[in-house]
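Residue indices begin at 1 and follow the sequence shown. Computed from a prediction, not measured in an experiment: that's the story for all the values here.
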Amino acid sequence: LLLLLFNKKAARISHVYSIVCIYVSFQLELSNTAILHQIRRDQVTDTCRANSMSSRKRRVLTPNDLKHLVVDENHEMIYCYVPKVACTNWKRVMMVLTGRGKYSDPMEIPANEAHISSNLKTLNQYSIPEINHRLKSYMKFLFVREPFERLVSAYRNKFTQKYNTSFHKRYGTKIFDLIFVCFRPTGPFGARGENANSMPAQSLQFWGEEGKVTTAEK
């Protein structure tokens, strides 16, 4: 009987010890995550401070500055969307949360509907007192992304898809012109008098208006 009681007590102690180990490990993981997030917040604060009054003049915000801030009145949240940082999916989520749509599942919402301005209410639609109140009292959040991943994602989505011909015409031609100017910085002819036909065509490959690769010669 004593041996049985001892075994039960030992098993109970072992079980409690396992729980304590799991708890300590979980707390340590939380602590490491908290430290990482604090480092990131400090970096954002330092960068904003360095680029605020010392480097540029302060100005009054305009409605155009607030159009990327999506407001959820039901949950008192403000989401600042950043293009090519999962903004389509988060706009879908905000449409469901705010009830401004006919969908209950975010992934059922077509991508183009998520970008229709009337489907979401943004901060620039409020009066100045209402804007100040929401900025002070609502929870505000945004997401960021590794810059080069974001750049590659934007290129693949906007310039390699045939359905995005508007981006080809609106931005692709500007990028092409910028590259063209870089190869002939002194005007119509380069520094050595060569014309545009002498530029390396492979360096000027770009997605044309018809969604196919074109070159400087073409």
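For the residue pair A114 and L120, the shortest heavy atom distance occurs at O-CD1, 4.2 Å. The two residues K84 and C87 come nearest to each other via the heavy atoms N-SG, 4.1 Å. Between S104 and P106, the shortest heavy-atom distance links the atoms O-CD, 3.8 Å.
Of the inter-residue distances, the one linking N89 atom CG with M107 atom CE reads 4.5 Å to the nearest 0.5 angstrom. The distance from atom OG of S153 to atom CD of E146, rounded to the nearest 0.5 Å, is 11.5 Å. Note: Y138 OH to H75 NE2 = 12.0 Å, rounded to the nearest 0.5 Å.
Heavy-atom contacts from other residues, nucleotides or ligands closer than 6.0 Å to CZ of R156 number 12 or fewer.
Of the possible polar contacts, one joining the T98 side chain to the M94 backbone as a donor-acceptor pair under 3.5 Å is found. Under a 3.5 Å cut-off, the side chain of R92 and the backbone N or O of I109 do form a donor-acceptor pair. With E113 contributing its side chain and P110 its backbone, the two residues share no donor-acceptor pair below 3.5 Å.
Under the 4.5 Å side-chain heavy-atom criterion for Ile, Leu, Val, Met, Phe, Trp and Tyr, I116 and M95 are members of distinct hydrophobic clusters. No continuous path of ILVMFWY side-chain contacts below 4.5 Å connects V144 to L36, so the two sit in separate hydrophobic clusters. Grouping the Ile, Leu, Val, Met, Phe, Trp and Tyr side chains by contacts below 4.5 angstrom, directly or via other members, places V152 apart from I175. I35 and V44 are assigned to two separate hydrophobic clusters, defined by single-linkage of ILVMFWY side chains at heavy-atom distances under 4.5 Å. In the hydrophobic clustering of ILVMFWY residues, with side-chain heavy atoms under 4.5 Å counting as a link, V93 and F141 come out together.
Using cut-offs of 30° and 60° for the angle between ring planes, the Y81 and Y79 rings count as tilted. Classified by interplanar angle (parallel below 30°, tilted 30° to 60°, perpendicular above 60°), the ring pair F143/W90 is parallel.
Taking 4.5 Å as the limit, every side-chain heavy atom of L142 sits out of range of all side-chain heavy atoms of V85. The side-chain heavy atoms of M77 and L97, taken from C-beta on, include a pair separated by under 4.5 Å. In this structure, T122 and H68 have side chains that are not in contact, with every pair of non-hydrogen atoms separated by 4.5 Å or more. Taking 4.5 Å as the limit, some side-chain heavy atom of D65 sits within range of a side-chain heavy atom of T62.
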Exercise. After noting the C-alpha distance and the side-chain angles of Q125 and L66, does the key distance pass the side-chain contact (heavy atoms from CB on, under 4.5 Å) rule?
Worked result: CA-CA 9 Å; Q125 300 175 27; L66 305 175; over 6 Å; no
For this session: List the steps, then state whether side-chain hydrogen bond (donor to acceptor under 3.5 Å, both in side chains) holds for R40 with Q43.
Result: CA-CA 5 Å; R40 291 174 175 175; Q43 183 178 2; over 6 Å; no
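Screening V70, N64, L69 for a side-chain contact (heavy atoms from CB on, under 4.5 Å) with K67, the sole residue that qualifies is N64.
The side-chain tip of K121 points at the ring of Y126 from less than 6.0 angstrom away and within 45° of straight on.
One finds a salt bridge joining E73 and R134 here, because a Lys/Arg side-chain nitrogen approaches an Asp/Glu carboxylate oxygen to under 4.0 Å.
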